[in-house]
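Taking it in order: structure first as structure tokens, then the write-up.
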Number of protein chains: 2
Amino acid sequence: MRSKSNPQHTGGGKNVTIKEVAQRAGVSISTVSRVLNRSKPVSDGLKKRILQAVEETGYMPNAVARSMIQKKTGVIGVIIPEIFNPYFSGLVQGIEHVAKEHQSYIMLAVSEKKPRRESELLRIFQARQMDGVILAAARVERSLKEALDRLSVPYVVIGQRLAEKAAPCVYLNNRRAAFEVTSHLLDCGYQNLGIISGPLWDLASGRERLEGFQEALKKRGQPLRAEWVVERQGFHLQDGYEGMKSILQAPQRPDAVFCACDRMAAGALQYLKESGIPVPKGMALAGFDDEELASIVNPRLTTIRHSPFEMGFKAATLLVNQLEDPSIAGGDITIPHQLVVRESTSLDS
Amino acid sequence: MRSKSNPQHTGGGKNVTIKEVAQRAGVSISTVSRVLNRSKPVSDGLKKRILQAVEETGYMPNAVARSMIQKKTGVIGVIIPEIFNPYFSGLVQGIEHVAKEHQSYIMLAVSEKKPRRESELLRIFQARQMDGVILAAARVERSLKEALDRLSVPYVVIGQRLAEKAAPCVYLNNRRAAFEVTSHLLDCGYQNLGIISGPLWDLASGRERLEGFQEALKKRGQPLRAEWVVERQGFHLQDGYEGMKSILQAPQRPDAVFCACDRMAAGALQYLKESGIPVPKGMALAGFDDEELASIVNPRLTTIRHSPFEMGFKAATLLVNQLEDPSIAGGDITIPHQLVVRESTSLDS
DNA sequence: CTGTTAGCGCATTCAG
DNA sequence: CTGAATGCGCTAACAG
């Protein structure tokens, strides 16, 4: 119940402090602090008066002042390369879920894949006294690793395995998954495989997926034909479209193409449709990520399913555990993935 | 250049404070503060020594302590109903863009569309001394409005027009847009229209879009047939699918259906395909939002294009301006939208 | 130009 | 059980 006669309650007034509450209740500020934090027993009489004063003034403890004393802010810093991408949205969702359970909040920053900005953000988050930091980067190289070493705040890296350091990280075995999807294509009887790769600068979704593809071919003794390998500078629909166009310009045509992500596969599919090449009869297609889009296109895409949400969730859990018990600096976690076979590679559809 | 002999530089050490820097440089802490903030001139000699001490210790000012004094945190609180949805990702992207220009950061919280949680978050963000708050809510009713009134922090609301209060808000004219897309269907010669609506509890994407649809019919003197109006409890693919199934169970079939969003339209399209009903010849379909998906499905969807990024951008700009000059408490901004006609409604495709 | 002083708002000793 | 005093790390007057 709010008292109508109280001006503080109308928004915009200057913030009321613990001091005013104390005065109004006729007690000292420490007593107010004690009832609010339940840190020490306080007599019922005072407690009641204080609670009422709090109610009347609409007092809320200043979280900044509190953070300063307790040396923790209850905030987790999150750095992602971009937000407009279901993969990263999923990560954030997973992190947010854990943060909420932990009564923490997240500070979100976008790096635009710029290593410099990532290092800078790491520093800024440290200066801002984040309790922990989660970094999702497309590529973690030398200078970024150094920046991580310099960090005096617990952190977890997503999407990359940091070999040398036993840094806690959560990642997906992209190489293995690409290997599996490629093997599947070979198992289906497709002999001549092409790939539309993402930028190799991106270690996880670019380079590793290409390598997995190459390894599968090598293991089966299939040749790798350079004109069927195209590296695009992005992971967008358009990249898939252009990539397929480029592949079709080769003198011969592969009978199956692995695309580094579903979005690219969808673009490739569009080009194939326009070219009158049926999928999978004329050419099979496989993607990666199992985005919603993968089951919307026609034919639906064979792809690799994995859970960005789970990655975010696991990463945040790792971090939170570390916060509660710094001794368990936690190790790597590999998120499972799964081959999902759909019509884009099944010859009998 | 970093000195190798300096232990502080290896991560994990306790944070160095301004005091240590001052001692090391043989000056007072205020002088250190002055060079770091360029707030007052300092002689070159001291400046150099201080900068060196900073370098050697790896000192970074504690942003929390600074916030406490300056009474601003450089953080904008952002509340969205969900993150895994391109619309909200776009918003966040736009906000992040402005925040970055403004050297600010964003604290992101997900409300799961729960008004109670939204009010709570508003309070928490105030307690955390956010410089401003941006609220994107599916529905802003009474109690939420009150919570906003009580807020002593500048805020901007996205997606809703707050009639009574002249609260700053950025929104899309959903009713008008739905009116236009419906009119387009009528213009194409479709006479019997149905709609798959989202939850009406959601004012912007649910109720307003339905109302726009109804108004268009009314204006043209077309009857509204109850069995062709289905309200779903979500905006997902599956809702579109089920919605279309439900519509097709009516004794007669509409010849065009407007779906509250592209995703639902895609679901409806799937059901139509399975039922062997060609689009648009057997039935026309229109969506809303112009998501990427709208131009991936076959046939591509006629829809309403608008820019979530712009909404976020404008909202954040409104807020930032307000922060810099509190007198301009800013008014409403309506984001433009545009009808995009594609094959799903064009009879001659 | 520079050092000393006084808080910001609060949790936490330390004495009653 | 309660109040007075201390200080978190830093900036902003205030004096030199």
Side-chain angles (χ1 to χ4, degrees), chain A residues 8 13-51 53-54 57-75 124 126-131 152-153, chain B residues 8 13-51 53-54 57-75 124 126-131 152-153:
Chain A
Q8 266 99 328
K14 74 177 192 333
N15 286 318
V16 12
T17 73
I18 196 174
K19 206 171 160 188
E20 297 174 46
V21 175
Q23 285 176 341
R24 187 183 269 257
V27 298
S28 75
I29 62 167
S30 15
T31 309
V32 176
S33 174
R34 288 197 266 258
V35 321
L36 262 38
N37 300 313
R38 297 171 185 71
S39 50
K40 296 257 175 181
V42 172
S43 69
D44 281 3
L46 290 193
K47 194 181 292 183
K48 225 183 97 188
R49 269 160 52 199
I50 292 172
L51 256 23
V54 166
T57 54
Y59 169 71
M60 293 200 64
N62 181 324
V64 173
R66 179 180 273 178
S67 297
M68 183 141 98
I69 299 177
Q70 299 178 159
K71 294 188 182 321
K72 58 185 288 268
T73 53
V75 182
I124 292 175
Q126 172 167 342
R128 284 186 173 271
Q129 313 296 116
M130 301 286 98
D131 291 346
S152 70
V153 167
Chain B
Q8 266 99 329
K14 77 175 191 334
N15 286 318
V16 10
T17 73
I18 196 174
K19 205 171 160 187
E20 298 174 47
V21 176
Q23 286 176 340
R24 188 183 270 256
V27 297
S28 75
I29 61 169
S30 21
T31 308
V32 176
S33 174
R34 289 197 266 259
V35 321
L36 261 38
N37 300 311
R38 296 171 186 70
S39 51
K40 297 257 175 181
V42 172
S43 68
D44 282 2
L46 290 194
K47 194 181 293 183
K48 226 183 95 189
R49 268 160 52 200
I50 292 172
L51 257 22
V54 167
T57 55
Y59 168 72
M60 294 199 64
N62 180 324
V64 172
R66 180 180 275 181
S67 297
M68 183 142 100
I69 300 176
Q70 297 178 158
K71 294 186 181 323
K72 57 184 288 267
T73 53
V75 182
I124 292 175
Q126 173 168 341
R128 283 185 174 271
Q129 314 297 115
M130 302 285 98
D131 290 346
S152 70
V153 167

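First the proteins, then the strands, lettered A, B, ... as listed; each starts at 1.
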TODO: To the nearest 0.5 Å, tell me how far R66(B) CZ sits from Q129(A) CD.
DONE: 11.5 Å

TODO: Take the protein atom CD of Q70(A) and the nucleotide atom C1' of dC10(C), then report the distance between them rounded to whole Å.
DONE: 9 Å

Open item on the list: Minimum heavy-atom separation for R34(B) and V42(B), please, with both atom names.
Closed with: CB-CG2, 3.9 Å

Task: CA sep, side-chain torsions, deciding dist, call: S33(B), S30(B), side chain to side chain donor-acceptor pair (under 3.5 Å) - done: CA-CA 5 Å; S33(B) 174; S30(B) 21; over 6 Å; no

- [ ] Please list, by residue number, the residues of residues 29-39 of chain A whose heavy atoms come closer than 4.0 Å to an atom of DNA chain C; answer none if no residue qualifies.
- [x] I29(A), S30(A), S33(A), R34(A), N37(A)

Open item on the list: Can you tell me how far apart CG (N62(B)) and CZ (R128(A)) are? Round to the nearest 0.5 Å.
Closed with: 10.5 Å

TODO: Assign V27(B) to base, sugar-phosphate, or nothing according to its heavy-atom contacts below 4.0 angstrom with the strands shown.
DONE: sugar-phosphate

Task: CD1-CG distance between I29(A) and L36(A), expressed to the nearest 0.5 angstrom - done: 12.0 Å

Open item on the list: Expressed as a whole number of angstroms, how long is the span from Q23(A):CD to dC10(C):P?
Closed with: 13 Å

Which protein N or O atoms sit under 3.5 Å from an N or O of nucleotides 7-9 of chain D?
| unit_1 | atom_1 | unit_2 | atom_2 | d |
| --- | --- | --- | --- | --- |
| dC8(D) | O3' | K71(A) | NZ | 2.8 |
| dG9(D) | OP1 | K71(A) | NZ | 3.1 |

Open item on the list: To the closest 0.5 Å, what do you measure between CD (Q23(A)) and OG1 (T57(A))?
Closed with: 11.5 Å

TODO: Could you tell me the separation between the OH atom of Y59(B) and the OG1 atom of T17(B), rounded to the nearest 0.5 Å?
DONE: 7.0 Å

Open item on the list: In this structure, how many angstroms lie between the C1' atom of dC1(D) and the CG atom of L46(A), rounded?
Closed with: 9 Å

Task: Backbone N/O of A25(B) and side chain of R49(B): donor-acceptor pair under 3.5 Å - done: yes

- [ ] Kindly say whether S152(A) contributes a backbone atom to a donor-acceptor pair with the side chain of Q126(A) at under 3.5 angstrom?
- [x] yes

- [ ] Decide yes or no for K47(B) and L51(B): does some side-chain heavy atom of the first lie under 4.5 Å from some side-chain heavy atom of the second?
- [x] yes

Open item on the list: Based on the rotation axes of five pairs at each end, what angle does the helix from dC1(C)-dG16(D) to dG16(C)-dC1(D) bend through, to 10°?
Closed with: 50°

